[in-house]
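Following: one structure in structure tokens, then a few remarks.
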2 protein chains.
Amino acid sequence: MTISQQDALKGSGLYDTMRRDIVFGRLPAGGKLLLNDLRNRYGVSISTIRECLSRLVAEGFVKSEGHRGFHVSPVTPEGLQDVAELRILLEGHALKRSLEAGDTQWEARIVAAHHKLHRMEQKMAAGDYAVRETWKQGDWEFHQSLISACGSSELMFLHGTVFDKYLRYQMRVLTFRGETAAAEHRQLLKAALERDADTAERILRRHIEGGVNHALENWQD
Amino acid sequence: MTISQQDALKGSGLYDTMRRDIVFGRLPAGGKLLLNDLRNRYGVSISTIRECLSRLVAEGFVKSEGHRGFHVSPVTPEGLQDVAELRILLEGHALKRSLEAGDTQWEARIVAAHHKLHRMEQKMAAGDYAVRETWKQGDWEFHQSLISACGSSELMFLHGTVFDKYLRYQMRVLTFRGETAAAEHRQLLKAALERDADTAERILRRHIEGGVNHALENWQD
DNA sequence: ATGATTATAAAAATCGATTATCGTGCAATT
DNA sequence: AATTGCACGATAATCGATTTTTATAATCAT
């Protein structure tokens, strides 16, 4: 018996879907979130929607104001700077720890993750914009793999959330920055395998700040 | 017309109460959270309880396992180390930024916050254990005030949560470490006012690691 | 007696409906 | 004409009940 599409969107499945919808802009930044609309859109009851929204509020993807409902967190240039600095802080620290502690299995993980990402980057470069989300998924997984030997689950978890907040800003930019980013990913992998923490951190900072500038230059509300 | 005590525990009021109950151990670490019990305990419906739990899950105070319910996040020595390192990273960074950017109003805030904290520390030293929670509230507010000029609301928010996770470990320790901590708070205030970032960060690290060691030495499950 | 299978009870997850709150437009008063 | 108060519609927040899932106990077969 197959699971119907309706049932697939319950519980944590709904949460994943809504978080994605926010990160990838299908629920527009700053937009009002009507409970009835969401109920229709996702085909679940108000209670289930609210449960999900509570989680997203706690993570900062959604804002709630007293008894006046919910809306997607707005995007601002300052917010981008803020989240980017936080990502540099968390990922930079975790990266250092990971390079110190990573074993051969970790090396295998980052090589594998980079390979998957690289394939997506090639498709994007070839103009196949359909893989946009898979591409960014690969991006996420590569960066997570890099820090996966840092030894702190708290840090990994926080980084995952902050990365998605950063990603939301990147997804708003229509022009492509893939070539530069791809080169930085290669350099990052190389530095990681060579356990060159200083270089890795420098590239990471450049990588993130490059994304910030690209987003600011092509800003549109 | 007065607001009844029942109604006071709705919405975000319930959230504050439950988070406090976890941090201060009234909902014991690792304990199972029965929805019916919680409904009776807080006098609200299941839906409201679940909404609140979702938020606490997102923040990491509560764990949820598939369709098998909720339990308070367990405490482990590794978890303490983990959360302490994260606090040093976040608070240390924010502190540096705050010392760079803080104006006179910020100075007034940290002096005021330290004064309130100091009063509580005196009461604790005099044996008035009834102020335990107010004391730790003052602790929280002092550290938040120190970093309040860092310019990043994301960072402040994350620190607030991480601080509470750290605090939960401290509240489990019955023996008193007040004198040492109070001295460190004084040094921290002094270094902050003198804009001596290196000293401030060194004291902060000692302050946090001191708490970790104290908790580990007096560990009890 | 032991392992597998089915009934039963307990708990979680979801839903539809009710209640409380908020925002808006209309009317009344100055 | 402007401002205040009131009523109505819309939306959010909460609840009690239903459905689904999981855990436990009992039965049956080997």
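Only this structure's heavy atoms are used, side chains among them; waters, hydrogens and symmetry mates stay out. Letters A, B, ... are given to chains in the order of the sequence lines, protein chains preceding strands, and every chain is numbered from 1.
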For A:His93 and B:His93, I'd like to know if the aromatic rings sit close, meaning centre-to-centre distance below 6.0 Å.
no
Candidate list A:Arg87, A:Arg19, A:Arg20, A:Lys136, test salt bridge (charged side-chain N to carboxylate O under 4.0 Å, His left out), partner A:Asp164, passing option:
A:Arg19
N or O in side chain of A:Lys32 less than 4.0 angstrom from D:dA12 OP1/OP2
yes
Between CG of A:Leu35 and C1' of C:dA17 the distance, given in whole Å, is 15 Å
Rounded to the Å, how far apart are B:Ile49 CD1 and D:dT14 P?
11 Å
Can a side chain N or O of B:Thr48 be found less than 4.0 Å away from OP1 or OP2 on D:dC15?
yes
Distance, rounded to the nearest Å, where A:Leu14 contributes CG and C:dC15 contributes C1'
14 Å
As a test of reading the structure: which of D:dA13, C:dA13, D:dC15 is closest to the side chain of A:Ser47, going by heavy atoms?
D:dC15
Before we go on, tell me: are the rings of A:His143 and A:His159 under 6.0 Å apart, centre to centre?
no
On the six-membered ring of B:Trp219, is B:Arg172 placed so that its NZ or CZ lies under 6.0 angstrom from the centre and within 45° of the ring axis?
yes
Protein-nucleotide distance (A:Leu38, atom CG; D:dT11, atom C1'), rounded to Å:
12 Å
Heavy-atom closest contact (A:Glu51 atom, B:Ser54 atom, distance):
CG-OG, 3.0 Å
How long is the line joining CG of B:Leu34 and C1' of C:dA13, in whole Å?
15 Å
Please work out if B:Leu33 contacts a base, only the sugar-phosphate, or nothing of the nucleic acid, heavy-atom cut-off 4.0 Å.
sugar-phosphate
side-chain N/O B:Arg68 vs C:dA12 OP1/OP2, d < 4.0 Å
no
Which nucleotide sits closest to the side chain of B:His67: D:dT22, C:dA11, D:dC15?
D:dT22
Proximity to the side chain of B:Ser45 - top-ranked nucleotide from D:dT14, C:dA12, C:dC15:
D:dT14
For B:Tyr42 and D:dA13, what is the distance between atoms OH and C1' respectively, to the nearest whole Å?
20 Å
From the candidates D:dA13, C:dA12, D:dC15, the one with an atom nearest any side-chain atom of A:Arg50 is D:dA13
In whole Å, what is the span from the CD atom of A:Glu65 to the P atom of D:dT11?
15 Å
5'-most by nearest nucleotide on DNA chain C - A:Ile46 or A:Ser12:
A:Ser12
Distance, rounded to the nearest Å, where A:Arg39 contributes CZ and D:dA12 contributes P
11 Å
Closest to the B:Glu51 side chain, choosing from C:dT14, D:dC15, D:dT14:
D:dT14
